[in-house]
Amino acid sequence: MTKAVLFHELGGPEVMRLEDVEIGEPGPGEVLIRVDAIGLNRAEVLFRTGNYIEPVRRFPARLGTEAAGVVEAVGEGVSGFRPGDEVSTVPAFSQNDHGVYAERAIVPAAALVRRPEGLDAVEGAAVWMPYITAYGGLVEVGGMRPGDTVVLNAASSSVGLAAIHVAERIGATPIAVTRTAAKKPALLKEGAAEVIVSESEDVVERVLTATGGRGAEYVFDAVAGPGVRDLAKVVADDGMLMLYGALSGEATPYPGFELGMPALNMRTYTMLETAGRPERLRRAVAFVTSGLRSGAFRPVVDRTFELGDIVEAHRYLERNAQIGKIVATVAH
């Protein structure tokens, strides 16, 4: 038996319960890990509320794809991992199949990465999703190069901060967009070349001024919705408007024809495009590990909660007050 977070209906944070469940043994290609820390992501909120890219298939349902812990047992056919290894999971599986909001969890071995030396469990649960999302979208898929400019909204999120760091390491220029001025100092400290406060500044004017009228080669959009109309105006020739989130919750138009831009390159991106493909994931892990080793990359943890306080942790997540990652710790 192990304790795991389950929910029996769609709804707010209060639908989550910490319950005793049978853990079982890992099957072929699977690994049983002792979970020490869990990275909280917006995907879990969307899944719990029924607004994710895939629906909940059955109840009770589990949550969570990002954790750090120690391998306790391996299933048939698993090579490269053995009991005692310190590992992290990357979001490379469906929450309908596995969930890491638990004291112990069974996950696919293909979703495991070794925890780099020097990272503790909290940091190991906070680093992979942000950096793989940013690297995968901007570099692996987008092809970002030195000298490019990238505009990042929701810039104080863990992915936004990772994207700032990835852009810097590539030699690109990150321009951060944040709703209020409260987070501006932190974003400048993290390496943003410019910070635009959207509630009081004209985003289009500021980006075009910062780029000498050229526009940005990349817009990495976590919000989507009607705001893409303005973001499209700052995309440089041959640039890309990449949507990796839908925080607005509103329908997203294709603004190209409205703005007389029929050649607008606009696409969606999910980290599964990287984490779910072994060769892409191998390159991503090498890139992120190299950045961690050099000090260019680091996990940014806003706050930790205990697993038993998961409801309050999700309430905090939904307030959008954090700068960086929220992590739940698991006592054993």
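One-based numbering along the sequence shown.
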Any idea which heavy atoms bring [X] and [Y] closest together, and the distance?
{"X": "Ala296", "Y": "His165", "value": "O-CB, 3.9 Å"}
{"X": "Gly124", "Y": "Ala68", "value": "C-CB, 3.7 Å"}
{"X": "Pro108", "Y": "Phe93", "value": "CD-CD2, 3.8 Å"}
{"X": "Ile132", "Y": "Ala284", "value": "CG1-CB, 4.3 Å"}
{"X": "Gly225", "Y": "Ser248", "value": "CA-OG, 3.4 Å"}
{"X": "Asn96", "Y": "Pro55", "value": "ND2-O, 3.0 Å"}

Check: [Y] and [X] side chains under 4.5 Å, non-hydrogen atoms:
{"X": "Asp230", "Y": "Val203", "result": "no"}
{"X": "Pro174", "Y": "Leu152", "result": "yes"}
{"X": "Val235", "Y": "Leu231", "result": "no"}
{"X": "Ile310", "Y": "Leu18", "result": "no"}
{"X": "Val31", "Y": "Pro26", "result": "no"}
{"X": "Val228", "Y": "Pro253", "result": "yes"}
{"X": "Leu10", "Y": "Thr49", "result": "no"}
{"X": "Arg17", "Y": "Val5", "result": "no"}

Practice item. Anything under 30° is parallel, anything over 60° is perpendicular, the rest tilted; go ahead and classify Phe47 against Phe7. Key: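 Aromatic pair Phe47/Phe7 classed perpendicular.
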Review point. In terms of the angle between their ring planes, are Tyr244 and Phe220 parallel, tilted or perpendicular, with boundaries placed at 30° and 60°?
Key: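 Aromatic pair Tyr244/Phe220 classed parallel.
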Could you tell me if [Y] and [X] have a donor-acceptor pair between their side chains, going purely by distance under 3.5 Å?
{"X": "Glu66", "Y": "Thr89", "answer": "no"}
{"X": "Arg48", "Y": "His314", "answer": "yes"}
{"X": "Glu140", "Y": "Tyr135", "answer": "yes"}
{"X": "Thr149", "Y": "Arg214", "answer": "yes"}
{"X": "Glu103", "Y": "His332", "answer": "no"}
{"X": "Arg169", "Y": "Ser294", "answer": "yes"}
{"X": "Glu44", "Y": "Tyr52", "answer": "no"}
{"X": "Tyr269", "Y": "Thr133", "answer": "no"}
{"X": "Lys183", "Y": "Ser156", "answer": "yes"}

Group every Ile, Leu, Val, Met, Phe, Trp and Tyr by side-chain heavy-atom contacts under 4.5 Å, then state whether [X] and [Y] land in the same group.
{"X": "Val107", "Y": "Val285", "answer": "no"}
{"X": "Val127", "Y": "Leu317", "answer": "no"}
{"X": "Trp128", "Y": "Val122", "answer": "no"}
{"X": "Leu63", "Y": "Val45", "answer": "yes"}
{"X": "Met144", "Y": "Phe297", "answer": "yes"}

Exercise for review: Starting from the C-alpha separation in whole Å, work towards a yes-or-no answer on side-chain contact (heavy atoms from CB on, under 4.5 Å) for Leu307 and Thr329.
Suggested key: CA-CA 6 Å; Leu307 181 60; Thr329 59; over 6 Å; no
For the pair [X] (side chain) and [Y] (backbone), establish whether a donor and an acceptor sit closer than 3.5 Å, ignoring hydrogens and angles.
{"X": "Glu123", "Y": "Asp120", "answer": "yes"}
{"X": "Asp221", "Y": "Val223", "answer": "yes"}
{"X": "Arg179", "Y": "Ser198", "answer": "no"}
{"X": "Glu201", "Y": "Val197", "answer": "yes"}

Review point. Taking NZ, NE, NH1 and NH2 as the nitrogens, is one of them in Arg114 or Glu86 under 4.0 Å from a carboxylate oxygen of the other?
Key: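 Looking at Arg114 and Glu86, the cut-off is not met.
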**Study point:** Short N-O contact, Asp302 and Lys325, less than 4.0 angstrom
**Key:**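 No salt bridge links Asp302 with Lys325.
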Does atom [atom1] of [X] have more than 12 heavy-atom neighbours from other groups under 6.0 Å away?
{"X": "Glu25", "atom1": "CD", "value": "no"}
{"X": "Glu199", "atom1": "CD", "value": "yes"}
{"X": "Glu318", "atom1": "CD", "value": "yes"}

Atom [atom1] in [X], atom [atom2] in [Y]: separation rounded to 0.5 Å?
{"X": "Glu19", "Y": "Arg62", "atom1": "CD", "atom2": "CZ", "answer": "10.0 Å"}
{"X": "Asp237", "Y": "Asn265", "atom1": "CG", "atom2": "CG", "answer": "12.0 Å"}
{"X": "Asn153", "Y": "Leu243", "atom1": "CG", "atom2": "CG", "answer": "8.5 Å"}
{"X": "Ile326", "Y": "Ser158", "atom1": "CD1", "atom2": "OG", "answer": "9.0 Å"}
{"X": "Tyr131", "Y": "Thr274", "atom1": "OH", "atom2": "OG1", "answer": "16.0 Å"}
{"X": "Leu187", "Y": "Ile164", "atom1": "CG", "atom2": "CD1", "answer": "5.0 Å"}

Exercise for review: Answer yes if the ring centres of His8 and Phe59 are under 6.0 angstrom apart, and no otherwise.
Suggested key: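 So the answer is no for these two rings.
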Review point. Only one of Arg34, Arg82, Arg104 forms a salt bridge (Lys or Arg N to Asp or Glu O under 4.0 Å) with Glu72, so which one is it?
Key: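 For Glu72, the salt bridge (Lys or Arg N to Asp or Glu O under 4.0 Å) check succeeds only for Arg104.
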Review point. Regarding Arg303 and the six-membered ring of Tyr316, is the cationic atom NZ or CZ under 6.0 Å from the ring centre and inside 45° of its axis?
Key: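 Verdict for Tyr316: a cation-pi partner in Arg303.
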Exercise for review: Could you walk me through whether Val90 and Leu281 pass the side-chain contact (heavy atoms from CB on, under 4.5 Å) test, one step at a time?
Suggested key: CA-CA 9 Å; Val90 298; Leu281 180 59; 4.3 Å; yes
Practice item. Evaluate the salt bridge (charged side-chain N to carboxylate O under 4.0 Å, His left out) criterion for residues Asp309 and Arg315: first the C-alpha distance (whole Å), next the side-chain angles of each, then the deciding distance (0.1 Å), finally the verdict. Key: CA-CA 10 Å; Asp309 296 324; Arg315 286 177 177 148; over 6 Å; no
Point to revise | Verdict with supporting geometry, Asp148 and Thr173, side-chain contact (heavy atoms from CB on, under 4.5 Å) | key: CA-CA 6 Å; Asp148 288 341; Thr173 299; over 6 Å; no
Exercise for review: Would you please test Val234 and Val219 for side-chain contact (heavy atoms from CB on, under 4.5 Å) and show each step?
Suggested key: CA-CA 8 Å; Val234 306; Val219 175; 3.8 Å; yes
**Study point:** Partner residues of Arg282 under the side chain to side chain contact (heavy atoms under 4.5 Å, CB included) criterion, sequence neighbours left out
**Key:**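 For Arg282, the residues satisfying side chain to side chain contact (heavy atoms under 4.5 Å, CB included) (neighbours in sequence not counted) are Glu279.
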